[in-house]
S.K.: 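Starting off with a structure, shown below.
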Amino acid sequence: MDKPKVTPKDFFLWLGAMVALYSSVVAFLTLTFQYINTAYPDPLQYSYDPYSGSIRFAIATLIVAFPLFLILMRLIRKDIIAHAEKSDLWVRRWALYLTVFIAGCTVAGDLVTLIYYFLDGEVTMRFALKVVMIFLVVGAGFLHFLADIWGYWIKYPGRAASVGIAVAVLLVVTIGSGFYIIGSPMDARLYKFDEQKVADLTNLQWQLINFYQQKERLPTALAELQDPITGFMVPMDPQTGESYTYATDKLSFRLCATFNKESRPMPNTVARPTMLEPGVDGDISMSPWNHGVGEMCFDREIDPERYPPYKKTPML
């Protein structure tokens with residue numbers, strides 16, 4: 001009996017299914033790791049941001065890749081049921097055995113890593129949960145595809161469908177948790193507006209300091225900061241297009257903006273000094289920009305000893 005031939009359709013169905021599977025597994029682990037990082041922050045991690053793009057990218061990947069994997073595997077299994085000889089295609093054997101091999105190596109490496117860190121005395125709840133998550137996800141994949149090699153899912157298609165539904169429900173819950181952490185797309189846009197406003201106020205703050213050091217006074221209005229030579233333009237509120245509120249009194253100044261959301265907590269974020277010009281202290285830049293909802297004002301006072309005026313070069 002001749003061996004069944006692999007058609008382009010068979011090859012790309014299996015290739016697409018494996019790419020979708022691996023992408024889904026990586027995205028799921030990334031998402032769960034971010035949840036663990038949020039629940040158990042590391043005090044030695046200086047700049048962890050639970051609202052970074054990794055969560056959004058993982059959610060987007062899961063939403064696209066996992067349904068694609070289910071669709072492709074359903075087409076493959078229907079094709080095998082209709083043409084039993086396709087269960088012996090080399091592309092199927094390679095895909096299944098490769099997946100089982102990768103899963104087995106990952107589980108073994110997971111156990112080695114766990115034992116290593118246990119002996120080193122560095123096992124924390126955060127690390128242990130990640131190891132357990134890898135073990136469960138990869139172990140489940142190992143058993144699933146091992147059963148596929150034995151023809152279990154083709155023999156019991158109803159059970160295969162039940163497993164697919166259960167995994168889909170799990171992923172929906174996981175993705176829903178991600179939206180709970182990062183908020184809706186509209187919330188994300190409002191946060192971006194607020195982040196830009198804070199960046200603008202920070203920029204204005206340093207422009208005001210630089211203005212004082214050059215002229216030994218503060219400007220009466222933000223328009224005085226305009227500099228056609230350097231190209232500096234006074235930023236406007238990106239949401240309303242209006243000017244930021246500014247007031248001054250001798251060496252003190254106030255900057256105000258209207259915010260959409262309360263400042264998000266950033267666990268374990270340790271501020272680090274900004275690189276400034278020689279002799280310029282960074283204390284003002286370290287002042288918090290935490291804010292609530294609505295108009296918020298930030299009062300600053302320049303210390304002439306920390307921010308001395310620049311020395312004037314005599315004109316020849």
Side-chain angles (χ1 to χ4, degrees), residues 4 6-7 9-36 39 55 57-108 110-111 129-181:
V6 175
T7 65
K9 173 186 173 183
D10 298 323
F11 179 82
F12 285 108
L13 278 177
W14 277 103
L15 178 62
M18 292 302 100
V19 171
L21 171 65
Y22 299 151
S23 300
S24 298
V25 170
V26 172
F28 179 77
L29 289 175
T30 299
L31 205 53
T32 54
F33 282 8
Q34 290 297 326
Y35 298 163
I36 293 172
I55 291 181
F57 186 76
I59 289 176
T61 302
L62 276 178
I63 290 175
V64 175
F66 186 71
L68 179 62
F69 168 71
L70 292 180
I71 292 171
L72 293 176
M73 287 305 299
R74 183 174 179 82
L75 292 175
I76 289 171
R77 285 176 179 147
K78 284 180 65 177
D79 204 19
I80 292 176
I81 291 173
H83 307 281
E85 68 275 7
K86 289 196 173 185
S87 63
D88 198 36
L89 290 175
W90 68 263
V91 68
R92 177 177 182 269
R93 295 197 307 272
W94 269 94
L96 296 180
Y97 280 108
L98 177 62
T99 302
V100 169
F101 174 76
I102 293 174
C105 290
T106 304
V107 170
D110 193 29
L111 292 174
L129 287 175
K130 290 182 179 181
V131 171
V132 169
M133 186 57 62
I134 293 176
F135 185 82
L136 291 176
V137 172
V138 178
F142 177 85
L143 295 176
H144 177 85
F145 284 97
L146 191 62
D148 205 345
I149 291 173
W150 294 338
Y152 181 84
W153 303 119
I154 296 174
K155 185 177 180 181
Y156 302 102
R159 296 178 185 179
S162 299
V163 170
I165 293 173
V167 174
V169 171
L170 174 62
L171 292 186
V172 168
V173 173
T174 305
I175 292 172
S177 301
F179 283 117
Y180 176 78
I181 291 177

S.K.: Can you confirm whether more than 12 heavy atoms, excluding those of Arg74, are under 6.0 Å from its CZ atom?
M.R.: no
S.K.: Just jot down the side chain to side chain contact (heavy atoms under 4.5 Å, CB included) partners of Ile63, sequence neighbours excluded, or say none.
M.R.: Ile59, Ile175
S.K.: Using atom types as modelled, flag every donor-acceptor pair under 3.5 Å from a side chain in residues 19-29 to any protein atom, sequence neighbours excluded.
M.R.:
| unit_1 | atom_1 | unit_2 | atom_2 | d |
| --- | --- | --- | --- | --- |
| Tyr22 | OH | Thr99 | OG1 | 2.8 |
| Ser23 | OG | Val19 | O | 2.8 |
| Ser24 | OG | Ala20 | O | 2.7 |
| Ser24 | OG | Phe66 | N | 3.2 |

S.K.: In Å and rounded to the nearest 0.5 Å, what is the CG to CG distance from Leu72 to Leu13?
M.R.: 6.0 Å
S.K.: If you measure from CG on Leu98 to CZ on Arg93, what distance do you get to the nearest 0.5 Å?
M.R.: 13.5 Å
S.K.: Any side-chain heavy-atom pair from Trp14 and Met73 closer than 4.5 angstrom?
M.R.: yes
S.K.: Of all heavy-atom pairs between Leu62 and Pro67, which one has the smallest distance, and what is that distance?
M.R.: O-CD, 3.4 Å
S.K.: Would you check if Asp10 and Asp79 make a side-chain contact, meaning some heavy-atom pair closer than 4.5 Å?
M.R.: yes
S.K.: Take Phe33 and Ile134, measure what side-chain contact (heavy atoms from CB on, under 4.5 Å) needs, and give me the verdict at the end.
M.R.: CA-CA 10 Å; Phe33 282 8; Ile134 293 176; 3.6 Å; yes
S.K.: Quick one: CH2 on Trp94 to CG on Leu15, what's the gap to the nearest 0.5 Å?
M.R.: 14.5 Å
S.K.: Rounded to the nearest 0.5 Å, what separates atom OG1 in Thr32 from atom CE in Met133?
M.R.: 5.0 Å
S.K.: Give a yes or no answer on whether the side chain of Tyr35 reaches the backbone of Thr174 with a donor-acceptor pair at less than 3.5 Å.
M.R.: yes
